[in-house]
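Single-structure report; data block below.
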2 protein chains.
Amino acid sequence: MSTTQGARARARKEVTAAIKEEARRQLAREGAAKLSLRAVARELGMVSSALYRYFPSRDELLTALIIDAYDSLGEAAEQARDATAGAAPVPRWTAVCEAVRGWALAHPHEYALIYGSPVPGYAAPETTVPPAARVGLVLIGIVRDTHERSGLTELPLPAGLRPEAERMSADLAPDLPPEAVTALVAAWSQLFGLVSFELFGQFNRVVEDREALFRHAATRLAQGVGLG
Amino acid sequence: MSTTQGARARARKEVTAAIKEEARRQLAREGAAKLSLRAVARELGMVSSALYRYFPSRDELLTALIIDAYDSLGEAAEQARDATAGAAPVPRWTAVCEAVRGWALAHPHEYALIYGSPVPGYAAPETTVPPAARVGLVLIGIVRDTHERSGLTELPLPAGLRPEAERMSADLAPDLPPEAVTALVAAWSQLFGLVSFELFGQFNRVVEDREALFRHAATRLAQGVGLG
DNA sequence: CACAAAAGAGAGCAGTGCTCTTGCTCTGGA
DNA sequence: TCCAGAGCAAGAGCACTGCTCTCTTTTGTG
């Protein structure tokens, strides 16, 4: 049973992987909008209808690529975190931020796929949630480490935001002060604002030395969440 | 000359406007990716090829919509600025930020068109630059007013960023200190990071009371650029 | 070995952006 | 006033797309 069923299953896995690989190639070359099932099938020497045995629709294929992209980015962030395990909080934070930026610059179309306009009429299914959370968890982890070891600087929290801050804190990091979690969520989105503006061309004719600006802004974000 | 040429010209203007109007309707309903020239033509009772007399390609039509969207958003920001002419710097700043967010929530697809993933193989032409700059100019204006009237708080500027900061300052606001301009550019992108995360679903299952979080984050951004 | 499940092939449907040719209408100048 | 040329609409057609349906081949298993 294992070998025979395994043979089919293995072949299926291989074809599935080949489809994703070719799709990723096209994605990197032309972008998500021009990703064509027929072109993928053509390149793989199969007919387009055969591809539907593996992915029920173009959106499902895109979902698979989205999950892979989230995982790839998350891994880059985690590597930066692990590579700076002994460092001070702010350098660790900026290292992760720069890893995110570096990954985005290296994979612009995949970045656009996950952090650009959502595909219309397409709702990201549950399965994308855990991979999408990885970068956020890395950032939370750095703040938590700092909180436990050297403590966080004081942060303001308006009264109107307190209920939501406590809700988020309970959800995301019960061991952290609500004001830190709140600042963290904001900084998280702002980090991607910086990256998106650079990648999507909003900095054209405005910022030249994006690297330097980003480094500084990331440092300020770190201070904004209570590090250093 | 005026009436005769005017007749043709007027008809042309009307048809052009009708096309844009219907295109905007479809954009609002289905998103940019599903905007179909044929569907627009169909809805207008004309044949698809006739539409090419007015817009040489789908991209050109999208460009027209992009410019309109930038202008619409810019106008919303300017209105918020003018409506708070006498107010303190921080409330003025947050009012503009909330106007941006409000416009985005009211026009999600148009927002995605201008601040989401750029259409692949499509480079925004020069004509989009001035409309795209309007929100940034509003933010600069508030900082400038504050600088002239009550002064800005001190901001850090690492040595490595100074050349770029002075370049940006000379380009964008020579009357403002380079560190303020630098902080402004970063805050500008971070503002749209907050809005994009909310609009593109990144805050799903994370932030509930987005209004409250945004208000707080916008206030913190104001402080980050030296207001109050 | 026989049979059922899985996979591939091909035709076809409805849609897309865009081009080209064919007419018709309007308009500016002789 | 008349007419050539410009502007415009229409239709056919090309090369695509996602997706479905049917038919055939392959393949693993009782």
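Just so it is clear: chains get the letters A, B, ... in the order the sequence lines come, proteins before strands, and each one is counted from 1.
Salt-bridge check for B/Arg92 with B/Asp145: passed, with a basic side-chain N closer than 4.0 Å to an acidic carboxylate O.
In the interface, the side chain of B/Arg38 is not paired with the base of C/dG15 through any donor and acceptor atom under 3.5 Å apart.
In this structure, CG of A/Leu37 is placed 15 Å from P of C/dG8, rounded to the nearest angstrom. Per the geometry, CE belonging to A/Met46 stands 14 Å off C1' belonging to D/dT25, to the nearest Å. For the pair A/Leu35 CG and D/dT17 C1', the interatomic distance rounds to 12 Å; values are reported in whole Å. One atom, CZ of B/Arg10, and another, P of D/dC8, lie 14 Å apart when rounded to the nearest Å. With rounding to whole Å, A/Ile19 atom CD1 is found 12 Å from C/dG8 atom C1'. Rounded to whole Å, atom P of D/dC16 lies 13 Å from atom CD of A/Gln26. Note: CZ (B/Phe55) to P (D/dA9) measures 13 Å, nearest angstrom. Atom NZ of A/Lys34 is separated from atom P of C/dG17 by 13 Å (rounded to the nearest Å).
Minimum atom distance to the side chain of B/Arg42 is reached by C/dT16, of the listed C/dT16, C/dC18, D/dT17.
Closest-nucleotide positions on DNA chain C for B/Ser57 and B/Arg53 were compared, and the one nearer the 5' end corresponds to B/Ser57. Summary of the strand contacts: A/Tyr52 and B/Val47 both lie near DNA chain D, and taking for each the nucleotide with the nearest heavy atom, the more 5' one is attributed to B/Val47.
By the neighbour-count criterion of 12 heavy atoms within 6.0 Å, atom CZ of A/Arg25 is densely surrounded, having more than that number from other residues, nucleotides or ligands.
For B/Arg12, a side-chain nitrogen or oxygen approaches OP1 or OP2 of D/dC8 to under 4.0 Å. A close approach under 4.0 Å does not occur between any side-chain nitrogen or oxygen of B/Ser36 and OP1 or OP2 of C/dG15. A close approach under 4.0 Å does not occur between any side-chain nitrogen or oxygen of A/Ser49 and OP1 or OP2 of C/dG10. Remark: A/Tyr54 is not in phosphate contact with C/dA6, judged by side-chain N or O atoms under 4.0 Å from OP1 or OP2.
A donor and an acceptor atom, one from each side chain of A/Ser196 and A/Tyr111, are located under 3.5 Å apart.
Nearest approach of A/Glu166 to A/Pro178, heavy atoms of both residues: CG-CG, 3.9 Å.
Residue contacts shown for A/Leu44 are absent, as no nucleic acid heavy atom lies under 4.0 Å away. In this structure, A/Leu51 reaches neither bases nor backbone, as no heavy-atom distance under 4.0 Å exists between it and the strands shown.
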#### Entry: A/Leu221 and A/Leu194: CA distance, side-chain angles, deciding distance, side chain to side chain contact (heavy atoms under 4.5 Å, CB included) verdict
CA-CA 11 Å; A/Leu221 284 180; A/Leu194 286 161; 4.2 Å; yes

